[in-house]
K.L.:
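For reference, the structure I am asking about is given below.
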Amino acid sequence: MEAQKQNTSTKKVESKVRGIKNAFLVIVACIIIAVCIYLFLYGDPSNFDPDSHRPVNLLGTVYEGGFVVPIIQGLFLTVITLAVERWFALASAKGSGSIAKFVENIKKALAKNDIAGARQLCAKQKGSIGAIVDAVLVKYDEMDKNTVLSKEQKLVIIQDEVEKATALEMPSLQQNLPIIATMTTLGTLLGLLGTVLGMIKSFQAMGQSGAPDSTALSIGISEALVNTASGIATGAFAVIFYNYFTNKIDNMTYAIDELGFTIVSTFSATH
């Protein structure tokens, strides 16, 4: 039992953050799904008057929005898909317990100079935070046993390990967030494009000779407003998800920085 405990305490903690590596395929797949919805749901003949071929409900009006509609809705599906992916990825990076409690327990272990106990806490926490702190504790233990380097050199090496371990984990945490950030602007711009196209149809109906076609005019305005709403919804969801996940990453980074500072300070105070 003692040997098993020793093996557990010396086993290196590995981060197992999983995520979608190729966001381009997600975008393509979502646009394909949106095109199918556009053609077979919005474009269903039951949504149009059989004589005039004009829309009789909202689905038909959305269909009349043209090629912009499936693109905007494809981007909206992309935002939702990548948001779900990031939620699972950051939950995995966070580990199995509370970050605040993990930080507190690590500080208590370091105060007792219990490096093995601190590493066991990392193994229990898992995720990116556990892996980073464990890597720094391994370097701490190496410097503790080193009799050649000076104290200042050891402190620099431990600090470098904190920065190195953090830099290795950050890409996996921030993966796909730039895509979501791009959707905040792209969705709004495409919604504006759909709005302009709908207004063009409205002005064409007004510019016809004779009395303006009030039905065509109302349909054009409806198309413009539907595209506006779709674009704003896409941009709004993208902003919300991006800020939410960025805040979660900032909290993890703060915890890592706090523990890194604590480890360096503990080494400086005890050696």
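None of these values were measured; they are calculated from a predicted model.
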K.L.:
Would you say Leu39 and Asp44 make side-chain contact, with heavy atoms under 4.5 Å?
P.N.:
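A side-chain contact under 4.5 Å is absent here.
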K.L.:
Tell me if a side-chain donor or acceptor on Ser96 pairs with a main-chain N or O of Lys124 at a distance below 3.5 Å.
P.N.:
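Indeed, once roles are kept as given, a pair shorter than 3.5 Å links the two residues.
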K.L.:
Could you tell me whether the side chain of Lys94 and the main chain of Gly97 form a donor-acceptor pair under 3.5 Å?
P.N.:
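Side chain of Lys94 to backbone of Gly97: a pair is present.
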K.L.:
Could you check if a side-chain atom of Phe67 sits within less than 4.5 angstrom of a side-chain atom of Leu197, using non-hydrogen atoms only?
P.N.:
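With C-beta onward as the side chain, the pair touches.
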K.L.:
Considering non-hydrogen atoms only, spot the tightest contact between Thr78 and Met183 and give its length.
P.N.:
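Shortest heavy-atom separation between Thr78 and Met183 comes out as CG2-CE, 3.8 Å.
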K.L.:
Test side chain to side chain contact (heavy atoms under 4.5 Å, CB included) on Ile180 and Asn176; report intermediate values, then the result.
P.N.:
CA-CA 7 Å; Ile180 296 178; Asn176 294 330; 5.6 Å; no
K.L.:
When you check the gap from the basic side-chain N to the acidic O, do Lys139 and Glu142 get nearer than 4.0 Å?
P.N.:
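Answer for the salt bridge query: yes.
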K.L.:
Given Ile158 and Val136, is the side chain to side chain contact (heavy atoms under 4.5 Å, CB included) satisfied, shown in steps?
P.N.:
CA-CA 7 Å; Ile158 294 175; Val136 179; 4.1 Å; yes
K.L.:
I'd like to know if Leu75 and Val26 are part of one continuous hydrophobic network [Ile/Leu/Val/Met/Phe/Trp/Tyr, side-chain heavy atoms within less than 4.5 Å].
P.N.:
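Same hydrophobic cluster.
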K.L.:
Would the distance check show the side chain of Thr184 and the main-chain N or O of Ala181 forming a donor-acceptor pair, the cut-off being under 3.5 Å?
P.N.:
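Flag set: sc Thr184 to bb Ala181 pair under 3.5 Å.
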K.L.:
Just so I know, are the side chains of Val196 and Ile200 near enough to count as touching, which here means a heavy-atom distance under 4.5 Å?
P.N.:
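Side chain of Val196 against side chain of Ile200, heavy atoms only: contact under 4.5 Å found.
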K.L.:
Return the CG to CZ distance between Asp250 and Phe245, rounded to the nearest 0.5 Å.
P.N.:
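The CZ atom of Phe245 is 13.5 Å from CG of Asp250, to the nearest 0.5 Å.
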K.L.:
When clusters are formed by joining ILVMFWY residues with side-chain heavy atoms under 4.5 Å apart, either directly or through shared neighbours, do Phe88 and Met170 land in the same one?
P.N.:
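Linked, Phe88 and Met170 end up in one cluster.
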K.L.:
Measure the spacing between CG of Leu90 and CG of Leu173 and express it to the nearest 0.5 Å.
P.N.:
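Separation between the atoms: 6.5 Å.
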K.L.:
With clusters defined by side-chain heavy atoms of hydrophobic residues (ILVMFWY) lying less than 4.5 Å apart, directly or transitively, does Ile33 cluster with Leu25?
P.N.:
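The answer is no; the residues belong to distinct hydrophobic clusters.
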K.L.:
Where do Leu177 and Thr246 come nearest, in terms of heavy atoms and distance?
P.N.:
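Answer, listing the atom of Leu177 first, then Thr246: CD1-OG1, 4.4 Å.
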K.L.:
Going by the angle between their ring planes, with limits at 30° and 60°, are Phe237 and Phe241 parallel, tilted or perpendicular?
P.N.:
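The rings of Phe237 and Phe241 sit tilted, inter-plane angle from 30° to 60°.
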K.L.:
Taking all non-hydrogen atoms of both residues, which atom of Ala118 and which atom of Ile106 are closest, and how far apart?
P.N.:
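Answer, listing the atom of Ala118 first, then Ile106: O-CD1, 3.5 Å.
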K.L.:
Is the shortest side-chain N to carboxylate O distance from Arg119 to Asp134 below 4.0 Å?
P.N.:
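Answer for the salt bridge query: yes.
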K.L.:
Going only through I, L, V, M, F, W and Y residues with side-chain contacts under 4.5 Å, is there a path from Ile179 to Phe24?
P.N.:
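No; tracing contacts between hydrophobic side chains, which count when under 4.5 Å, never links both residues.
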K.L.:
Do the side chains of Val35 and Leu41 join up, straight or via other hydrophobic residues, at under 4.5 Å, putting them in one cluster?
P.N.:
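Val35 clusters together with Leu41.
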K.L.:
Between the side chain of Thr228 and the main-chain N/O of Ala224, is any donor-acceptor distance below 3.5 Å?
P.N.:
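The answer is yes, because a donor-acceptor pair under 3.5 Å joins these two groups.
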K.L.:
Please answer whether the main-chain N or O of Tyr140 pairs with a side-chain N or O of Asp144 as donor and acceptor at a distance below 3.5 Å.
P.N.:
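Pair absent, no side-chain N/O of Asp144 close to backbone of Tyr140.
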K.L.:
Is the shortest heavy-atom distance from the side chain of Leu168 to the side chain of Ile132 under 4.5 Å?
P.N.:
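No, every pair of side-chain atoms sits at 4.5 Å or beyond.
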K.L.:
Would you find more than 12 non-hydrogen atoms of other residues, nucleotides or ligands less than 6.0 Å from Tyr242 atom OH?
P.N.:
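Atom OH in Tyr242 is not packed in, count stays at 12 or less.
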K.L.:
I'd like to check Ser230 versus Leu190 (side-chain heavy atoms, cut-off strictly below 4.5 Å). Are they in contact?
P.N.:
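No, their side chains stay 4.5 Å or more apart.
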K.L.:
OG1 of Thr188 to CG of Leu193: how many Å apart, nearest 0.5 Å?
P.N.:
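Spacing of OG1 (Thr188) from CG (Leu193) equals 12.5 Å.
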K.L.:
Strictly distance-based, threshold 3.5 Å: is any side-chain N or O of Thr266 a donor or acceptor partner for the main-chain N or O of Thr262?
P.N.:
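It does hold such a pair.
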K.L.:
Which atoms form the tightest heavy-atom contact between Pro55 and Thr61, and what is the distance?
P.N.:
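Taking Pro55 first and Thr61 second, the nearest heavy atoms are CB-N, 3.4 Å.
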K.L.:
Nearest heavy-atom pair of Ser46 and Val56: which atoms, and what distance?
P.N.:
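That closest heavy-atom pairing would be O-CG2, 3.8 Å.
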K.L.:
To the nearest 0.5 Å, what is the distance between CD1 (Ile72) and OH (Tyr38)?
P.N.:
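So the CD1 of Ile72 and the OH of Tyr38 are separated by 11.5 Å.
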K.L.:
Please examine the side chains of Glu169 and Met252, heavy atoms only from C-beta on, and report whether any two atoms are closer than 4.5 Å.
P.N.:
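No, their side chains stay 4.5 Å or more apart.
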K.L.:
If you count every heavy atom of other residues, nucleotides or ligands that lies below 6.0 Å from Lys154 atom NZ, does the total exceed 12?
P.N.:
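Atom NZ in Lys154 is crowded, with more than 12 foreign heavy atoms closer than 6.0 Å.
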K.L.:
Going from CD1 on Ile27 to CG on Leu77, what distance comes out if it is rounded to the nearest 0.5 angstrom?
P.N.:
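Between atom CD1 of Ile27 and atom CG of Leu77 there are 12.0 Å.
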K.L.:
Do you know which two heavy atoms are closest between Asn57 and Asn47, and how far apart they sit?
P.N.:
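So the minimum-distance heavy-atom pair works out to ND2-OD1, 3.1 Å.
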K.L.:
Enter the distance from Ile99:CD1 to Asn251:CG here, rounded to the nearest 0.5 Å.
P.N.:
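The CG atom of Asn251 is 6.5 Å from CD1 of Ile99, to the nearest 0.5 Å.
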K.L.:
I'd like to know if Glu64 and Arg54 make a salt bridge, using a cut-off of under 4.0 Å between side-chain N and carboxylate O.
P.N.:
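Between Arg54 and Glu64 there is no salt bridge, as every charged N stays at least 4.0 Å from the carboxylate O atoms.
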K.L.:
Given side chain to side chain contact (heavy atoms under 4.5 Å, CB included), test Cys122 with Phe102 step by step and report yes or no.
P.N.:
CA-CA 8 Å; Cys122 294; Phe102 173 69; 3.9 Å; yes
K.L.:
Have Gln153 and Ser150 got a donor and an acceptor in their side chains that come within less than 3.5 Å?
P.N.:
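Ser150 and Gln153 do have a side-chain donor-acceptor pair below 3.5 Å.
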K.L.:
Please determine whether side chain to side chain contact (heavy atoms under 4.5 Å, CB included) holds for the pair Tyr42 and Gln73, giving the CA-CA distance in whole Å, both sets of side-chain angles, and the decisive distance to 0.1 Å.
P.N.:
CA-CA 12 Å; Tyr42 301 146; Gln73 296 192 352; 3.2 Å; yes
K.L.:
If you draw a 6.0 Å radius around NZ in Lys151, do more than 12 non-hydrogen atoms from other residues or ligands fall strictly inside?
P.N.:
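Counting other residues, nucleotides and ligands, NZ of Lys151 exceeds 12 neighbours.
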K.L.:
Would you say that Gln175 contacts Lys21 through its side chain, given a criterion of any heavy-atom pair below 4.5 Å between the two side chains?
P.N.:
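A side-chain contact under 4.5 Å exists here.
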K.L.:
Report yes if the side chains of Asn243 and Asn247 come closer than 4.5 Å at any heavy-atom pair, otherwise no.
P.N.:
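Sidechains of Asn247 and Asn243: no contact.
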K.L.:
Does Phe48 have its ring centroid less than 6.0 Å away from the ring centroid of Tyr63?
P.N.:
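Between Phe48 and Tyr63, the centre distance is under 6.0 Å.
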